[in-house]
Amino acid sequence: MNAVTPTRRSFLQTSGLILGLSLPAGRAAARAVAGGAPDALFAPNAFVRVTPGNQVIIVIKNVEFGQGPATGLATLAADEMDADWSQIAVEMAPANDALYANAALHTMGTGGSTSIATAFIQMREAGAAARAMLVEAAARRWGVPVSQVTASKGVVRHGDRAATFGELANDAAALSPPEKPVLKTPEQWTLIGTDVPKVDSAIKTDGSVQFTMDVRRPNMVHSAILHPPAFGGKMASVDDSAAMAVPGVLAVKPVPQGVAVYARDTYAAMRGRAALKVEWDLSAAERRSSDELLKVCAEAAAQPGVEAEAEGDVASALAGAAKTIEATYYFPYLAHAPMEPLDAVIEMNGDSMEMWMGAQMQVAQLSAAARVLGVPPEKAVLHQQYAGGSFGRRVEGTMAFPVEAASVFKAYGGRAPVKHVWTRENDLTGGYYRPIMVHRLRGGVDAAGRIVGWDQVIAGQSFARGTPMEAMMIHDGIDGTMVEGARESGYAFPAHRLGAHIVDSRVPTLWWRSVGSTHTAYSVETFLDRLLELGGVDPVAGRLALIEEDRRKGVLTRVAEMADWGAAVPEGRARGVAVHKSFGTYVAQIAEVSRGPEGVPRVHKVWCAVDCGVPVNPNVIRAQMEGGIGYGLGHALYAELVLGEGGVVQQHNFDSYRSLRIGEMPEVEVAVIASREEPTGVGEPGLPPIAPAVANAWRKLTGKAVDRLPFIHGDNR
Amino acid sequence: MKIMASGIAALALSAVALPIAIVAAPREGGEGLRPASSFATIGDPTQRSVAIFEEMGKVLQSPRCVNCHPRTDRPLQGDDQRPHDPPVTRGPDGHGAAGLECSTCHGPANVAFANGEGSVPGNPQWHLAPIEMAWEGKSLAQICEQIKDPARNGGKSLDQIVEHNAHDSLVGWGWNPGAGRTPAPGTQAEFGALTRAWVDSGAHCPAG
Amino acid sequence: MATEFTLNGASASFDGDPDTPLLWVLRDHLGLTGTKYGCGIAQCGACTVHLDGKNRRSCVTPVSTVAGRSVTTIEGVSGPEAEAVQSAWVAIDVPQCGFCQSGQVMSAVGLLKARPRPSDDDIDAGMAGNICRCATYVRIRQAIKDAAEAMEG
């Protein structure tokens, strides 16, 4: 199968401008030609195209940034269509809410691990409708009843007669789609539930896949931007003489977001950026350090806060407990740091605007950019690109990045297409972090070791506050994304209470892979481990006794079997367990750790059981568990984004914002639970259990509880 | 050209020009080496030799030298002598691991980063000192004995050590380490002259 | 004076600032965008190319230093190691977002050229300079082993 993007042909056109260099005839060129197929002949709905060349193109409405929707959505349609997987290609959908809105978000968008869940019926119906029309076309051509015609692997048959989808496309195009396409039963699936190869592995292995950063337009100018050194600051004045002296720099322009440098190439733009001399007005900026902000959160967390959830009388339960413990947890700001920094290309042709971007909310982001340029929506076109990672970073509730890219384009006067690329320094110092959080927990057990009370208070920043999302997300003083995973912890404590405080700051924050569960899974699962130990109860057996949901029990039981929980562990090592549900998906993990050379855990192996309903592509599910574990582990061990004195971010690049490397990646064994439940997401749920599983193992090994992340923080060593 | 933000009155201006703090900002420069001749006033040759070596020690124990004379398989980095990141290893011959050789990142000369925040160091000979020449964590006395020991100095005679210190191009990098790193004290010529004077005075080592 | 060098087997030249990193010459001037920018400071390895057959971070390689030398990028990498690595990569679906994978593939090919049968430790050491934020490391390791085995077979 091939992956096709709408801009493939324009890429080839710009490539043609290269002078003095003969490109070797490579795989990339061959694939691009194959992908540049003529217009589809048969387009029964918004998602399926059949070309005369017998290619089936599936239109992908979600952004593909590695989590696998291009493969997953194509699988759903292709299966119902009875297409052959080798004839499948994918194309990114245009920005069109009427056709491609995410049912959970009411606009085009990707988030909350909803891609497969919300498309499960929709994409299958699209494929089933196409199949019905192709079968009917064949039946009419051959003069036989529809009921006697079969389809399999892209070929429609009746007796000895056969026709490919491509051969039937012209006839099928003349028919009306069925009102209600009949879907297969699970027993009839041929692709769903199998490890079909990913549609984009080949182009991501030979360098031919195109990201926004790779887009080239005639006469394109490259821009870089310098932001204020503290959040909420503004430029007061800029001395651009040194920047303008850099060869290749074309212009320096103040923009609302900072100061933009325009140049003939990226190198000149970056050097120009480094040569800017700016005086900043920081009178309205956030000047508090991370430590000061965490202190504010800790003070708040010592108070009961707004009640998010409560049952029974916690105060009495704890007062009457045989033993009680308490702990305060500190969670730092975290950057998403996708490998491809944020970027966009904008071009105006007459009164029309074109934007190239790996947009996570296509319509909203395009519209935000168009508004800056005064372009009406119908004159704005998005060329959706593959995106080099996101982890939540590729859309802000404020639409900050597309607004910035459009502002930078506008300040240049619309004279040329502008490719606006953030440096890694922009990315790490640019805000929109996982918010800081402080959790205070108190719990107690009775004389028999049973947990009698659980009191949790969460204080931190809400990324919804002050954005258009506030009305939708904050109810009765509670931002659900701050308490998710703790409010529905899944444990039946006799008396429990959850309180929350929103602490305001001008540091922009955002959803970050698994959102609230990035911190709630950690505090709940590590504090529970301590309470179970206080009661003399085994971590697995103790959890099972408190869990009510069968599916949550199921993943925990399965992972314990996989790891042979309770068996002897190699000398110098210990194991810890955690289980968590996020975005409807249940994941349990067991981590085996030893003491690493830096005084932090060395994680040797992780066992993982996941129940995400119908496993559409088990291979992609395993990959997302592996990735979620690696991403979660790297941040838990090594990463924090620190605001130093004056609110200035201390980490600028990967030398100080440390990322997990291959030698630190554990072996991972994943079991995907067989299920007929509606499918739920896998992009995020693999992450929450890893940090608490490692922390629980570490406490068992060393006796040390880690209440301040990351592990490598000086307070823990 | 200076461009002012429009419409801002009575600004509270910050002196912060860039959101950039050079990582491992250079220490205050100007730390020099005493010339070899200034030790002539020490009458006792042994004491003179030891004093000269202690002066040489300012160079030998500077981060510029110790960082690539590590006691483990991983070099150090920066004025704060943190473990080298990416986590490289010395490999079979001090030129790095297969696939991640020193030359994967270090070229023939220092290269300033486009972001203006430092540089990657470079030299045509860039590599690690062999493990038997490790200086990291050792006292000056230990380093001294090691330097004199042909089994631990690459089989060099004292005259060859003088030549090495005075003229080796990779040693000389220590005084031209690129943006973001403090140069070794003095100059390579001064260091060479001190080494000559140390050898000529009997190449004695500090006690301890 | 233009810098002349060999690029993927053909002659290439660049007539701009000789300090320009090879990365940006490739991407912005010669149209070879398979080589990626991820950090600009030789921390992430997304910009890895081969210089005279060995792994090299193009983001810290002034184009002047490749004069007269041979540069290979992901668009032109070939030979038994490249074929084995790329086949293994696709066979087990290593890439997720894919942005770092050009660099991963180039580093893996360079590793196998220097060490045809790498141990786990060799893989850890040789690939330590390539960051994958999606953490596809489990599969990168497996694919390198698969490639080494395929080359023997």
Side-chain angles (χ1 to χ4, degrees), chain A residues 14-15 17-18 20-24 26 28 65-68 197-198 200-202 204-211 213-214 216 222 247-248 265-268 270 337-340 386-389 391 421 423-424 619 623 626-627 629-631 634 653-655 659-663 665 667-668, chain C residues 7-13 16-17 19-21 23-25 27-41 43-44 46 73-76 78 86 89-90 93-102 105 123-125 127-141:
Chain A
T14 50
S15 299
L17 297 173
I18 301 163
L21 171 75
S22 56
L23 281 169
F65 41 52
Q67 80 286 30
K198 289 177 76 174
D200 49 358
S201 289
K204 288 177 173 176
T205 296
D206 66 15
S208 64
V209 64
Q210 178 177 284
F211 297 95
M213 197 183 282
D214 306 331
R216 307 177 75 224
H222 300 259
D265 65 16
T266 312
Y267 178 60
M270 286 181 172
M339 281 307 297
E340 180 190 19
Y386 280 94
F391 317 111
V421 177
T423 63
R424 180 58 62 195
N619 182 45
E626 294 161 11
I629 287 166
Y631 194 76
N653 208 312
F654 288 128
D655 54 348
S659 197
L660 192 82
R661 292 184 184 269
I662 191 168
M665 181 76 197
E667 185 189 340
V668 177
Chain C
L7 177 57
N8 296 334
S11 62
S13 95
D17 180 351
D19 286 342
T20 307
L23 170 66
W24 301 114
V25 173
R27 290 183 53 80
D28 290 348
H29 295 277
L30 301 180
L32 294 184
T33 54
T35 306
K36 301 301 190 219
Y37 163 81
C39 71
I41 62 166
Q43 276 288 328
C44 79
T73 69
I74 187 71
E75 289 90 349
S78 60
Q86 290 181 313
W89 239 250
V90 174
D93 288 315
V94 171
Q96 289 188 24
C97 89
F99 197 79
C100 74
Q101 297 293 348
S102 295
V105 166
I123 294 172
D124 285 350
M127 301 298 290
N130 288 83
I131 290 174
C132 174
R133 293 289 291 170
C134 300
T136 60
Y137 298 125
V138 169
R139 292 174 192 233
I140 288 173
R141 178 188 306 284

Problem set entry | Segment of A:Ala387 engaging chain C (4.5 angstrom heavy-atom cut-off) | backbone
For this session: Taking the side chain as every heavy atom from C-beta outward, state whether C:Cys100 and C:Arg133 have any atom pair closer than 4.5 Å.
Result: no
Exercise. Does any non-hydrogen side-chain atom of A:Ser201 lie less than 4.5 Å from one of C:Trp89?
Worked result: no
Problem set entry | Gap separating the NZ atom of A:Lys204 from the CD atom of C:Gln96, nearest 0.5 angstrom | 9.0 Å
Exercise. When only pairs under 4.5 Å are counted, which of C:Ile123, C:Asp19, C:Ile41 shares the most heavy-atom pairs with chain A?
Worked result: C:Ile41
Problem set entry | Which of C:Ile140, C:Thr20, C:Asp17, C:Val25 touches chain A most, by non-hydrogen pairs under 4.5 Å | C:Thr20
Exercise. Which bit of C:Asp93 is near chain A, if near means a heavy-atom gap under 4.5 Å: side chain, backbone, both or neither?
Worked result: both
Exercise. Based on non-hydrogen pairs under 4.5 Å, which of C:Gly40, C:Gly34, C:Gly38 is most in contact with chain A?
Worked result: C:Gly38
Problem set entry | Euclidean distance, C:Gln101 CD relative to A:Asp206 CG, rounded to 0.5 Å | 12.0 Å
Problem set entry | Which atoms of C:Val138 approach chain A - backbone, side chain, both or neither, heavy atom under 4.5 Å | both
Exercise. With a 4.5 Å heavy-atom cut-off, do C:Val105 and C:Ile74 have their side chains touching?
Worked result: yes
Exercise. Are any of the side-chain nitrogens in C:Asp124 or C:Arg141 under 4.0 Å away from the carboxylate oxygens of its partner?
Worked result: yes
Exercise. Is there side-chain contact between C:Tyr37 and C:Leu23, with at least one heavy-atom pair below 4.5 Å?
Worked result: yes
Exercise. Which atoms of C:Thr136 come close to chain A, meaning under 4.5 Å heavy atom to heavy atom: side chain ones, backbone ones, both, or neither?
Worked result: neither
Exercise. A:Gly389, A:Gly630, A:Ser659, A:Ala268: which one forms the most heavy-atom pairs within less than 4.5 Å of chain C?
Worked result: A:Ser659
Exercise. Is the shortest distance from a Lys or Arg side-chain nitrogen in C:Lys36 or A:Asp214 to a carboxylate oxygen in the other one below 4.0 Å?
Worked result: yes
Problem set entry | Portion of C:Ala46 that has a non-hydrogen atom of chain A nearer than 4.5 angstrom | side chain
Exercise. Side chain, backbone, both or neither: which part of C:Asn130 has an atom under 4.5 Å from a heavy atom of chain A?
Worked result: backbone
Exercise. Which atoms of A:Tyr631 come close to chain C, meaning under 4.5 Å heavy atom to heavy atom: side chain ones, backbone ones, both, or neither?
Worked result: both
